[in-house]
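So that the names make sense, note that chain A is the first sequence line, chain B the second, and so on, each numbered from 1.
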There are 2 protein chains.
Amino acid sequence: MTPSERALRADAERNRQRLLDAAQALFRERGLDVGVAEIAQRAGVGRGTLFRNFPTKQDLIAAIVIARMKEATDYGRTLLDAPDAGEALFGFLEEIVGRQQLDRCLFDAVAHTFLANQEIRAAHADIVGGLDDLLSRAKEAGAVRSDVGAMDVLMLVKGVCEAASALATTEPAVVGRQLDLVRAAISVSGTDRPLRGRAPTLADVERAHPPTPATVAEASA
Amino acid sequence: MTPSERALRADAERNRQRLLDAAQALFRERGLDVGVAEIAQRAGVGRGTLFRNFPTKQDLIAAIVIARMKEATDYGRTLLDAPDAGEALFGFLEEIVGRQQLDRCLFDAVAHTFLANQEIRAAHADIVGGLDDLLSRAKEAGAVRSDVGAMDVLMLVKGVCEAASALATTEPAVVGRQLDLVRAAISVSGTDRPLRGRAPTLADVERAHPPTPATVAEASA
DNA sequence: GCACAACCGGACTGCGCGGTCCGGTTACGA
DNA sequence: TCGTAACCGGACCGCGCAGTCCGGTTGTGC
């Protein structure tokens, strides 16, 4: 947070990175339940070192989540220049799903608790923003119906991730199939029925996950 | 399991039901994390009584889940006589989502662990069967594209539930909107693109959640 | 080459929860 | 009425894990 933290010593930085890598790998393999002891061991450092870098297991998780979200956002930006706006959008959706499939448990965490964390909230908003840009272009290009919003799409995609994770291990092809159905859902079809209600907004989601007093305090510390 | 268990004494049966009701209510309010102590207290019984009726917290949860699934299946059957096959199908989907919204955490549990339980597996298969019947009728009536399978639909619906639970507390209308999108996804539109792969089957899902040796033993006990 | 930051890693604490035990009590049901 | 099944509920156990402490060690940066 405070930029005044003097740069880490070389070995400290190295260890920090090792911890992130080890945690990431273990979380992928076995979920968030892996113990800190094992993470430290896999990283080849002592437990003390882990807690020096990340005072709390949650902090460690959050660091990984944020890094992953930023990667996705960056990828989305590169698609803004793509010639076919529709394909760009659907490509982004594929990418998001692919990433969430890899790091399933991490995004579970985001959904349930971590939107209370300010940094994660910001990273999330960035992704939504990027998606919104891609969606707007796709609408202009006539590839997507005009009455769906970014959160509509994001919810569908999140849903696909969740549902797919139940059986993706044995049938990865199913994910693509589900995405095809999402595509059918939001494409212009000529026989579209109107959608109920209004498009949900980012604010709606954030309102449902208020930052806790604890995280606010933490952020200002 | 064994039908030879002699009927419970009146007060025992009463307590059993109280426990189910209390657990159900608490799970709805605060998720599966509520402790057994609190459940017993809310039911107005001692902890010993809880464990006599349900040797394990998991058993308690499973009992509730199975009851809920059976209710949904029964409702589905009543729709088989409805005049409009398309509306019947979509009505069933609304119903499923509504139920899952109420008992969010329970179905999380199912997805993650409980398909290993034979009874739950059977109840799940029944629901899929019912959905399949409704879907077939809707296809014959020309309301739904012919290349989607019951599991395709179920996955979409499950996805909607998951995604919605993230913000349903503040915006219940969003769920209906997502269901409209699901409807758009599987309706005949004239401009349908082919779907990747083949329709997933119940067997695909079950294969991904093999019954554990433990549950097999438990079922035969 | 030296001072000190960073690391090691075992021992320890605290916590919460599921599950067990049991002696004393209640109320069902025949 | 009476035998007994079922209940009560406090005490207790075990477990696993996050997080702390600390004395001894290593290796970085100046």
Please answer whether the main-chain N or O of A/V160 pairs with a side-chain N or O of B/K158 as donor and acceptor at a distance below 3.5 Å.
no
Donor/acceptor link under 3.5 angstrom from A/R9 side chain onto base of C/dA6:
no
Could you state the CG-P distance from A/L26 to D/dC17, rounded to the nearest angstrom?
13 Å
Between P of C/dC7 and CZ of A/R14, the distance in whole Å
9 Å
Side-chain (B/R137) to main-chain (B/L80) donor-acceptor, under 3.5 angstrom:
yes
Can you find a side chain N or O atom of B/T56 that sits less than 4.0 Å from OP1 or OP2 on C/dG19?
yes
Expressed as a whole number of angstroms, how long is the span from A/D11:CG to D/dC30:P?
13 Å
Could you list by number each residue of residues 43-52 of chain A showing a heavy-atom separation from DNA chain D of less than 4.0 Å, or answer none if no residue does?
A/F51
Starting from C1' on C/dC7, measure out to CZ on A/R16 and report it in whole angstrom.
16 Å
Could you check how far CD of B/Q58 sits from P of C/dC17, rounded to whole Å?
16 Å
Please determine whether a side-chain nitrogen of the Lys or Arg among A/E38 and A/R30 lies less than 4.0 Å from a carboxylate oxygen of the Asp or Glu.
yes
Counting only side-chain N and O atoms of A/N15, is one of them less than 4.0 Å from OP1 or OP2 of C/dA6?
no
What distance separates A/I120 CD1 from A/M69 CE, expressed to the nearest 0.5 Å?
7.0 Å
How do B/V34 and B/A10 order along DNA chain C: which one's closest nucleotide is nearer the 5' end?
B/V34
Using a strict cut-off of less than 4.0 Å between a Lys/Arg side-chain nitrogen and an Asp/Glu carboxylate oxygen, indicate whether B/E94 and A/R196 qualify as a salt bridge.
yes
To the nearest Å, give me how far apart CG (A/L19) and C1' (C/dC7) are.
12 Å
Using distance alone, with no hydrogens and no angle criterion, decide if A/Q41 and A/R47 have a side-chain donor and acceptor under 3.5 Å apart.
no
B/D33 CG to C/dC17 C1', in whole Å, measures 10 Å
B/F54 CZ to C/dG19 P: how many Å, rounded?
13 Å
Among C/dG19, D/dG19, C/dC7, the one nearest any side-chain atom of A/K57 is D/dG19
Consider only side-chain N and O atoms of A/S136 and A/D133, and report whether a donor and an acceptor are under 3.5 Å apart.
no
